[in-house]
Amino acid sequence: MIPRARHFVAAALSSALLIVPAFTGIAHATSAATSASDSKVYAVPLAKTLADVKRVADYWRPDRLQKTDLSTPATPGSGAAASTTSSGAAAGPAAPAASAASAASVKRTASTAGVSPTLPRKGTAANTMGKVFFRFGDKEYWCSASAVSAKNRSVVATAGHCAYDSRTAKPADYWIFVPNPGPGGSAPDGIYVGASISLHEDWSGKGDYDFDYAFVTVHRGFTWVAKDGAYVMQDVGRLQDNVGGLGLELNKKPGTYAVTAFGYPAGQQPDGSHPYDGKTLQKCRPGATRYTVAPGRDLQKGVELTPCDFSPGASGGPWVISYDETRRLGSLAGVNSLTWNRDAKGRYDSVSAPYFDTVTGEVYRRAASLGTITNVT
C-alpha cells in the first residue's frame, strides 16, 4: 500500500467528545521513542547540499507550479484504530516507531521566552503566510504555513503531518514553501526549499497530536527567470528578509487571549460542499479558545478555537495573537491541526491546535539555530 499523507482536518463529532475517523487496515504502532518529559527534539535533514536544492527546485519548475491546484489538500492521518466515525477524509498512514538513526536529539533548555515579530527588510508590511508543497510516496500534497522570526532568518512553521510521515518514519519529499502564492503557480516572494525539519519525537514516534507541529529550516529563496528560451534559478535571499516573520508566544493559557487562525482551506465539508477553493488566504476571526482533548489522536491538551469552519488544506496555517492588519504581523501561538463538527451539522464549526509550551520553544530554537546554504544558484 502506497502511503498517503496525513494532512489537515477530518474529524466528525456527534457529542461532546471528538470522534476521529479510523482508517481501514491500519493499526496504531508502539513507539520506541522516549516520553514527552524527556523533551527530545529531532532535526531530520531534507535538502542538505546545493545539488539537493537544485534537484528539488528542478522538480518544481514553472510548468509544475502552474498545476499545484491539482495537488491534494492535506488531511491528518490516524494514530488510532478504535474510532469508527467517518467524515470523508483522505486516508493517512499510522504511526510506527521513529528511526533514531535519521534524527539528531537536542538537550532540554529551561528558557520559555517568546520571539518578537519582524518586518521584512524592505517595506512596511509582511507576507509571512503561504503554502507548502511536497510529496509522500508518489502523490503531491499541500498545506498552509507561515514564516517565523528567527536568528537564522529561515524558519517556517506548519503542522507535523505536513512535513513528516510517521508511518514510514520518513520526511516529506520535495518540500518547498511559497509565501503569498499568486495565480497560475506564481511565487512573487520566492520559493524556499526545506533544509531540515525540527519536530518533537512524539510526533515522529507515535503520531501524538499534542505535538502535531514542525518548524522547518529553509534554504535561501529563488525565483524562476526566463532566459534564452529556458528558465533559470535566481537567488532572492533569505525568507525573513523578504517576507518578515511572525513572533512566537509560548505557554499562553486558553481563554486568556484572542487568536486569529489563517489558512488555505479547500477540502470538502461534512455536507459535501466546497465553500473554499484553496487559492485565497482565509481567516477565522478571533473567537473563544479552550482546552480540548481527542483520545483517538493522543490529543490530551489541545486548544480549540470556535467558531471556525476551515476544511482540508488549512493544515499548518498559523494561529496569530495580536494580529496587526496594517503590518500583517502578530505572534504565532499554534498551527491548525484538526477540525471539529461539534453540532453534527453541514459545516465544520471549530479548529484545534497543539498547545505551544516550553517544549515547543525547544523545537523552534533547534530550527532557528541551523545554518543553510549561502547561495542557491
Mind running side-chain hydrogen bond (donor to acceptor under 3.5 Å, both in side chains) on T358 and N251 for me, showing each step along the way? CA-CA 7 Å; T358 303; N251 300 302; 3.3 Å; yes

Check the hydrophobic clustering (I, L, V, M, F, W, Y; side-chain heavy atoms under 4.5 Å; chains of links allowed) and say if V218 and I373 are grouped together. yes

Is there side-chain contact between L65 and I191, with at least one heavy-atom pair below 4.5 Å? yes

Say you draw a straight line from OG1 of T128 to CZ of F262; how long is it, rounded to the nearest 0.5 Å? 8.0 Å

Taking side chain as C-beta onward, heavy atoms only, is Q240 less than 4.5 Å from S149? yes

Does the pair R153/D241 count as a salt bridge with the N-to-O cut at 4.0 Å? yes

Under 3.5 Å: donor-acceptor pair, side chain of S311, backbone of Y348: no

Could K206 and E201 be called an ion pair, given the rule that one side-chain N must be under 4.0 Å from one carboxylate O? no

So do N336 and S144 actually touch side chain to side chain, heavy atoms under 4.5 Å? no

Once you measure the plane-to-plane angle for Y209 and H161, does it fall in the parallel (<30°), tilted (30-60°) or perpendicular (>60°) bin? tilted

Chi angles and distances behind the side chain to side chain contact (heavy atoms under 4.5 Å, CB included) call for W142, T72: CA-CA 6 Å; W142 57 268; T72 301; over 6 Å; no

Close aromatic pair by centroid cut-off 6.0 Å: F356 and Y364: no

Using side-chain heavy atoms (C-beta onward) and a distance below 4.5 Å, is E249 in contact with L332? no

Show your working on side chain to side chain contact (heavy atoms under 4.5 Å, CB included) between V132 and I176 and close with a plain yes or no. CA-CA 5 Å; V132 296; I176 61 169; over 6 Å; no

A side-chain contact here means heavy atoms from C-beta on lying under 4.5 Å apart; do W203 and D212 qualify? yes

Charged N to carboxylate O below 4.0 Å: is that the case for K301 and D357? yes

Do R347 and F310 meet the cation-pi criteria used here (NZ or CZ under 6.0 Å from the six-membered ring centre, within 45° of the axis)? no

Just by distance, no angles: are the side chains of T377 and N375 close enough, under 3.5 Å, to form a donor-acceptor pair? yes

I'd like to know whether E304 forms a side chain to side chain contact (heavy atoms under 4.5 Å, CB included) with V351, so could you lay out the CA-CA distance, the side-chain angles of the two residues, the decisive distance to 0.1 Å, and finally the verdict. CA-CA 6 Å; E304 186 178 355; V351 62; over 6 Å; no

Is the shortest distance from a Lys or Arg side-chain nitrogen in E362 or K40 to a carboxylate oxygen in the other one below 4.0 Å? no

With a 4.5 Å cut-off on side-chain heavy atoms, are I197 and F215 touching? no

ILVMFWY network linking V225 to V236, side-chain heavy atoms under 4.5 angstrom: no

Applying side-chain hydrogen bond (donor to acceptor under 3.5 Å, both in side chains), run through R238 and T372 and close with a yes or a no. CA-CA 10 Å; R238 298 206 176 277; T372 62; 2.6 Å; yes

Please lay out, stage by stage, how W175 and F177 fare under the test ring-ring contact (aromatic ring centres under 6.0 Å, His included). CA-CA 7 Å; W175 196 98; F177 175 55; 7.1 Å; no

Does a donor on one side chain and an acceptor on the other come within less than 3.5 Å for S352 and W340? yes

Could you state whether Y59 and L50 fall into the same hydrophobic cluster, counting links through intermediate Ile, Leu, Val, Met, Phe, Trp or Tyr residues with side-chain heavy atoms under 4.5 angstrom apart? yes

Donor-acceptor side-chain pairing of S369 and N152 below 3.5 angstrom: no

Do the side chains of P183 and K279 get nearer than 4.5 Å, heavy atoms only? no

Are Y276 and D309 linked by a side-chain donor-acceptor pair shorter than 3.5 Å? yes

Do P181 and Y264 have side-chain heavy atoms sitting under 4.5 Å apart? yes

E140/R135 salt bridge by N-O under 4.0 Å criterion: no

Verify side chain to side chain contact (heavy atoms under 4.5 Å, CB included) between V155 and V216, making sure each step is shown before the conclusion. CA-CA 6 Å; V155 172; V216 181; over 6 Å; no

May I ask you to decide whether D165 forms a salt bridge with K170, counting only side-chain N to carboxylate O separations under 4.0 Å? no

Ring-ring centroid check F133 W60, cutoff 6.0 Å: yes

Report whether L370 and V44 are members of the same hydrophobic cluster (ILVMFWY, side-chain heavy atoms less than 4.5 Å apart, transitive linking). no

